[in-house]
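We count residues from 1, following the sequence as given. What's counted below: heavy atoms across the whole structure, side chains too, no hydrogens, waters or symmetry copies.
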Amino acid sequence: MEQSSPRFSKLGFSKSVDLVTTGLGDYLQVLKALFIPLILICALLHGADIILVLGHGVMDLLPSGLNFLLVGFLTLLSLTLGVYFPYFAIKVMLKDSASGDSSVSAILSEFSPREAWNILIIVSMTHIVGLMPLFVPAIVLWLHLIHEAFLWLALGIFLIYLPIWILILWFLGFSLHHYVFLQVISWQPLRASYLLVKNRFWCILLLSVGWLILSLALSTGFSLLKAMESGLRFLASSPQEGWMSSFQEISTILQSGKLNASTMKELGEKFSFLSAPSMIALIESMVTTLLSGSLFSFFFLYLLGHYHRKDWAYPRDLFTEK
């Protein structure tokens, strides 16, 4: 591993392969050592999802309007809390490497409402920059009132925008990690993220491709489990008339072709088991958050030399060069 320097020279492809291959072994050791605090933090951040899954039966007893608002609030809260995991992962890894207290209570004791707000601002800035190109197809779409050709033009621009959006967020994906060290609410963490990915392009690309393959494998495995879970719920949802009779009734409704308000309501009742929050989906979300958050947090520190130098310091000079 090259020592971190103000110039932060780029790495070639073969050197990047060696670096990532070596780093994966170190990552697994770190993950093994820090699994307990990381999984506890992950569970804490998924608290809203846990309430949705375990409290589903109770919430069904509430009036529909209140139930809808409560589910919407918990879902929004869960999505918001999810962005904090990389911050906590970095803190846990730094504490552990410095032989400090890396427990959840120690990490949370240093966390403040102001810090939470600052993190939301940095994450929002990252997404705003990524969403900026969307204004172009949005303006063109508005022009479809003049001529319908603008509708197809807007669609074409939007399809071009999608890979640009992914690329922008990819280059700015370490903004929150840089904020941990820079502690500034400005464009500097975003610029630092861009420069890190630019100079360690092949390393980040290899990691991203590897994570994509792993996430697809995880998604496939959990999809099979969720299908089995849905099947078991279906079997348990009609014990009175029997699952075979219930299945035949569903088939009859679908084959009749008469989909009106009455039959739609009946189908909704038959498939109500699908609307219940999934325990398998909750576990999948937690596993994905744990692996992706810890993996990229580890390699952020790894690529900056944190695990290679006893006197390591965050390379601020790199991000102030002109």
Side-chain angles (χ1 to χ4, degrees), residues 1-13 15-16 19-20 23 26-27 30 82-98 107 110-112 114-133 164-209 211 292-322:
M1 171 68 187
E2 294 183 358
Q3 303 298 331
S4 297
S5 66
R7 299 306 304 171
F8 206 63
S9 57
K10 295 182 180 180
L11 293 177
F13 178 75
K15 205 166 188 178
S16 297
L19 185 64
V20 172
D26 294 338
Y27 163 69
V30 170
V83 306
Y84 291 97
F85 187 80
Y87 170 88
F88 286 111
I90 283 284
K91 289 289 187 179
V92 169
M93 291 175 184
L94 290 174
K95 282 271 191 179
D96 179 72
S97 62
I107 300 299
E110 301 175 356
F111 196 64
S112 65
R114 181 179 179 82
E115 192 81 358
W117 178 248
N118 290 346
I119 289 172
L120 286 180
I121 292 177
I122 286 294
V123 173
S124 298
M125 288 173 65
T126 302
H127 285 81
I128 288 172
V129 172
L131 290 171
M132 282 174 63
I164 295 176
W165 174 68
I166 295 172
L167 192 63
I168 290 175
L169 293 184
W170 188 56
F171 269 85
L172 301 183
F174 290 107
S175 298
L176 178 56
H177 297 79
H178 288 288
Y179 163 76
V180 173
F181 297 98
L182 296 172
Q183 288 294 302
V184 290
I185 303 300
S186 67
W187 297 111
Q188 196 173 1
L190 277 68
R191 181 172 182 271
S193 178
Y194 165 75
L195 288 173
L196 173 62
V197 177
K198 175 186 174 184
N199 289 283
R200 293 291 185 261
F201 178 81
W202 292 114
C203 289
I204 306 299
L205 180 61
L206 288 170
L207 280 174
S208 300
V209 171
W211 171 246
S292 63
S294 62
L295 177 71
F296 286 97
S297 297
F298 169 83
F299 269 93
F300 168 78
L301 294 172
Y302 190 84
L303 295 175
L304 290 181
H306 176 264
Y307 289 95
H308 303 269
R309 298 178 59 178
K310 292 183 179 180
D311 59 343
W312 180 85
Y314 180 75
R316 294 173 181 271
D317 291 343
L318 163 68
F319 309 117
T320 56
E321 69 177 17
K322 297 180 180 179

Which heavy atom of P189 sits nearest a heavy atom of S175, and at what distance? CB-O, 3.5 Å
For Y314 and A192 the tightest heavy-atom approach is OH-CB, 4.1 Å
Applying side chain to side chain donor-acceptor pair (under 3.5 Å), which residue pairs with at least one partner in residues 83-92 are found, sequence neighbours left out? Y87-E115
Could you walk me through whether N199 and L303 pass the side chain to side chain contact (heavy atoms under 4.5 Å, CB included) check? CA-CA 10 Å; N199 289 283; L303 295 175; over 6 Å; no
What one should report as the nearest heavy-atom pair of V20 and L207 is CG1-CD2, 4.1 Å
Should the heavy atoms of other residues, nucleotides or ligands under 6.0 Å from CH2 of W202 be counted, would the total exceed 12? no
Could you check whether atom CH2 of W211 has more than 12 heavy atoms from other residues, nucleotides or ligands sitting under 6.0 Å from it? yes
Between CG of L94 and CH2 of W312, what distance do you get to the nearest 0.5 Å? 6.5 Å
Of the non-hydrogen atoms in G130 and L169, which two are nearest, and what is the gap between them? CA-CD2, 4.3 Å
Hey, are the side chains of L304 and L196 touching, using non-hydrogen atoms and a 4.5 Å cut-off? yes
Ring centroids only, cut at 6.0 angstrom: are H308 and Y302 within range, meaning strictly under it? yes
Side-chain donor-acceptor pair under 3.5 Å between N118 and Y179, yes or no? yes
Is the distance between the ring centroids of H306 and F300 less than 6.0 Å? no
Can you see which heavy atom on S186 is nearest to which on I122, and at what distance? O-CD1, 4.1 Å
Dump the intermediate steps for side chain to side chain contact (heavy atoms under 4.5 Å, CB included) on W170 and S208, then the final yes or no. CA-CA 9 Å; W170 188 56; S208 300; 2.7 Å; yes
Which value, rounded to the nearest 0.5 Å, describes the distance between L206 atom CG and R200 atom CZ? 13.0 Å
Angle between ring planes, F171 versus Y194, binned at 30° and 60°: parallel, tilted or perpendicular? tilted
Is F111 close to I119 at the side-chain level, that is, under 4.5 Å between some pair of heavy atoms? yes
Tell me whether the rings of Y27 and F298 are parallel (<30°), tilted (30 to 60°) or perpendicular (>60°). tilted
One pair to check against side chain to side chain donor-acceptor pair (under 3.5 Å): H177 and S297. What are the steps and the verdict? CA-CA 7 Å; H177 297 79; S297 297; 3.0 Å; yes
Heavy-atom closest contact (G293 atom, A89 atom, distance): O-CB, 4.2 Å
Atom CG in L190, atom CG in L176: separation rounded to 0.5 Å? 10.5 Å
